[in-house]
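None of the values given here were measured: they were computed from a predicted structure. Positions are given from 1, in the same order as the sequence printed here.
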Amino acid sequence: MKNSEYELARKVLNLANQIIINRNSHLKELSLTAAQADSLFFIHAHSGCSISDLKEYLHISHQTARGIVMRLEEKGFIALCVSKSDGRYKTISLTDAGIEIVKRMKQNGTHTGYQLLKGMTVQEQQQFSELTSRALKNISREASHEK
């Protein structure tokens, strides 16, 4: 049984690595880094957020978040505005180009998800999703107990 558990863990790792390879390939085509893509998705979901909000979400330093924001602004994907409620900080929102790039990233993600589930019945897809969620929860729980 231990050998099959090891093999399963290797398959899951290989699957994760292949998903990352696909993601990086799609992002490279869009001239984005993974951190920039994650930031755009966050900003899309939290329009009017601040650099501090982004920093907390990505678990990075303020300087790193600021750098990401500056690069996304240079690319024309986001706009910074002085906050109406507190003039000491700026809010971040997507531009039309930013909204378009998020749509393209979602289409790429949908394509990867489609490829992942291709050949599975609807029931198998649901079962795969449930089992993947349970496994992630199990491994996350294990990692939090080790700290």
Side-chain angles (χ1 to χ4, degrees), residues 1-62 64-81 83 85 90-147:
M1 181 89 174
K2 292 290 182 197
N3 193 32
S4 65
E5 290 167 355
Y6 172 80
E7 290 297 320
L8 177 60
R10 289 292 312 149
K11 284 180 185 177
V12 171
L13 182 60
N14 289 338
L15 176 61
N17 287 338
Q18 190 59 54
I19 290 170
I20 290 168
I21 289 167
N22 289 5
R23 182 179 193 226
N24 288 340
S25 172
H26 293 144
L27 292 175
K28 186 175 181 180
E29 291 172 13
L30 301 174
S31 299
L32 291 172
T33 65
Q36 289 171 348
D38 291 343
S39 297
L40 286 170
F41 279 125
F42 178 79
I43 295 163
H44 183 259
H46 302 91
S47 187
C49 65
S50 68
I51 291 174
S52 292
D53 296 329
L54 182 62
K55 170 190 84 143
E56 292 299 319
Y57 173 74
L58 295 175
H59 305 288
I60 56 176
S61 70
H62 188 81
T64 301
R66 186 166 159 62
I68 292 169
V69 166
M70 287 174 44
R71 285 184 286 287
L72 289 174
E73 185 179 32
E74 288 169 5
K75 291 179 180 191
F77 296 141
I78 62 168
L80 296 172
C81 299
S83 170
S85 62
K90 296 180 180 181
T91 60
I92 309 167
S93 58
L94 294 178
T95 61
D96 289 342
I99 292 168
E100 185 59 35
I101 205 82
V102 168
K103 283 182 190 174
R104 288 182 63 192
M105 287 189 300
K106 284 183 179 180
Q107 287 171 344
N108 288 342
T110 300
H111 176 74
T112 299
Y114 172 79
Q115 291 298 111
L116 182 67
L117 300 173
K118 190 168 58 176
M120 293 184 197
T121 67
V122 171
Q123 182 181 6
E124 288 170 333
Q125 291 175 16
Q126 290 172 326
Q127 193 174 30
F128 180 73
S129 178
E130 290 166 7
L131 292 172
T132 303
S133 294
R134 188 182 313 162
L136 181 58
K137 189 175 180 181
N138 288 344
I139 201 82
S140 297
R141 203 178 292 143
E142 179 73 23
S144 67
H145 288 284
E146 291 175 359
K147 290 181 181 177

Side-chain donor/acceptor of R134 to backbone N/O of E130, under 3.5 Å: no
Separation of Q126 CD from L117 CG (nearest 0.5 Å): 11.0 Å
Check: L15 and L116 side chains under 4.5 Å, non-hydrogen atoms: yes
Selection residues 113-123 - residue pairs positive for salt bridge (charged side-chain N to carboxylate O under 4.0 Å, His left out), sequence neighbours left out: none
Side chain to side chain contact (heavy atoms under 4.5 Å, CB included) partners of A97, counting only residues at least two apart: F77, T95
Which residues share a side chain to side chain contact (heavy atoms under 4.5 Å, CB included) with T33, sequence neighbours left out: A35, Q36
Residues that S129 engages under side chain to side chain donor-acceptor pair (under 3.5 Å), provided they are two or more places apart: none
Partners passing side chain to side chain donor-acceptor pair (under 3.5 Å) against S133 (at least two apart in sequence or in another chain): none
pair H62-S52: side-chain heavy atoms closer than 4.5 Å: yes
Atom pair OG/NZ of S25 and K28 - distance to nearest 0.5 Å: 8.0 Å
Where at least one partner belongs to residues 22-49, residue pairs that pass ring pair (Phe, Tyr, Trp, His ring centres under 6.0 Å), sequence neighbours excluded: F42-H46, F42-Y57
By side chain to side chain donor-acceptor pair (under 3.5 Å) - contacts of T91 (at least two apart): none
CD on E74 to CZ on R71, rounded to 0.5 Å: 8.0 Å
Qualifying residues under side chain to side chain contact (heavy atoms under 4.5 Å, CB included), relative to L136, sequence neighbours excluded: I139, S140
Minimum heavy-atom distance A65-L54, with the two atoms named: O-CD2, 4.4 Å
Approximate separation, where rounding is to 0.5 Å, of I99 CD1 and I78 CD1: 12.5 Å
By side chain to side chain contact (heavy atoms under 4.5 Å, CB included) - contacts of I21 (at least two apart): Q18
All pairs passing side chain to side chain donor-acceptor pair (under 3.5 Å) where residues 100-115 contributes a residue, at least two apart: none
Distance in Å, I68 CD1 paired with L32 CG, rounded so as to fall on 0.5 Å steps: 11.5 Å
Contacts of type salt bridge (charged side-chain N to carboxylate O under 4.0 Å, His left out), residue R23, not counting sequence neighbours: D38
Nearest-0.5 Å distance, OG of residue S50 to CD of residue E56: 9.0 Å
Within residues 8-19 or reaching into it, pairs that qualify as salt bridge (charged side-chain N to carboxylate O under 4.0 Å, His left out) - sequence neighbours excluded: none
